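In this text, all values refer to a predicted model and were calculated from it rather than measured experimentally.
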Amino acid sequence: MKRNQLKLSIFLLPLIAAIGLFFTACSSDDENSLASPFVGRWQLVELYNIDDGSLKYSLKRDGKKEGVIDYVFYSDGTYKAIAEDVKGYTPTNLPYSIVSGNRIVLYWTPETSPFTEYEYEFLENGTKLKMILSSTDVDVFPYKPEIKIYEKIEK
């Protein structure tokens, strides 16, 4: 009898271990996703001129959000650009992708063009996000390399 139980346990042990590894691997993939630090709502709090480092906009100083775009990033690889002062604007989910380790591409349509690409860096333990426009194929606005600092206001 003990011999049968031993044989059974020898066969079950690897099966239980494999199931445990499967669930562990799945959850760690989600937690370590490149997109996970982005997920949440990011509010623009500062905007600097990249040429001389001068402060062009500060939410604390200026107190208004005229022309300011905030972002909401979702774990499914989509985002919304929120411009609260633009009447009649309804944000829609659009795709984004993280490339080359420290670059994020925001698409303006569900296709891969037009787009804007930013270099990014997380600051202050991931509560702030620094983004610098590095390239774009959007003709709507002139290319303005600026340093934007966002603060995470919702997860």
*For I69 against A83, the heavy-atom pair lying closest together*: CG1-CB, 4.3 Å
*Tell me, with the steps shown, if T127 and N125 meet side-chain hydrogen bond (donor to acceptor under 3.5 Å, both in side chains).*
CA-CA 6 Å; T127 61; N125 295 321; over 6 Å; no
_Joint cluster assignment, L123 & F73, ILVMFWY side-chain distance < 4.5 Å_ = yes
_Quick check for you: to the nearest 0.5 Å, what is the distance between L106 atom CG and L94 atom CG?_
9.0 Å
*Closest approach of A81 and P91, non-hydrogen atoms and distance?*
O-CB, 3.4 Å
*Decide yes or no for F38 and I98: does some side-chain heavy atom of the first lie under 4.5 Å from some side-chain heavy atom of the second?*
yes
*asked:* Counting C-beta onward and ignoring hydrogens, is there a side-chain heavy-atom pair between Y57 and L44 closer than 4.5 Å?
replied: yes
_4.5 Å side-chain heavy-atom contact, L129 and K152_ = no
*asked:* Once side-chain contact (heavy atoms from CB on, under 4.5 Å) is applied, do any residues pair with P114, and if so which ones, sequence neighbours excluded?
replied: W108, T109, D137, V138
*asked:* Walk me through whether Y48 and I149 qualify under side-chain contact (heavy atoms from CB on, under 4.5 Å).
replied: CA-CA 8 Å; Y48 295 89; I149 306 294; 4.0 Å; yes
_Selection residues 46-55 - residue pairs positive for salt bridge (charged side-chain N to carboxylate O under 4.0 Å, His left out), sequence neighbours left out_ = none
*4.5 Å side-chain heavy-atom contact, I50 and E146*: no
*Is any side-chain heavy atom of Y107 less than 4.5 Å from a side-chain heavy atom of S97?*
yes
*Rounded to the nearest 0.5 Å, how far does CH2 of W42 lie from CD of E151?*
9.0 Å
_Using side-chain heavy atoms (C-beta onward) and a distance below 4.5 Å, is V45 in contact with Y150?_
no
*Report yes if the side chains of Y74 and N93 come closer than 4.5 Å at any heavy-atom pair, otherwise no.*
yes
*Least distance between heavy atoms, P95 atom then Y79 atom*: O-CE2, 3.3 Å
*Note, Y96 side chain near V105 side chain (heavy atom, < 4.5 Å)*: no
*Given R41 and D70, is the side-chain contact (heavy atoms from CB on, under 4.5 Å) satisfied, shown in steps?*
CA-CA 7 Å; R41 182 165 180 171; D70 295 338; 3.5 Å; yes
*asked:* Measuring from atom OG of S135 to atom OH of Y118, what distance do you get when rounded to the nearest 0.5 angstrom?
replied: 10.0 Å
*Would you sort out whether I104 and M131 count as a side-chain contact (heavy atoms from CB on, under 4.5 Å), showing the intermediate values?*
CA-CA 9 Å; I104 184 169; M131 291 176 59; 4.2 Å; yes
*What is the distance from atom CD of E119 to atom OG of S100, rounded to the nearest 0.5 Å?*
10.0 Å
*Nearest 0.5 Å please: distance from the NZ atom of K56 over to the CD1 atom of I147.*
10.5 Å
*To the nearest 0.5 Å, how far apart are NZ in K80 and OG1 in T92?*
8.0 Å
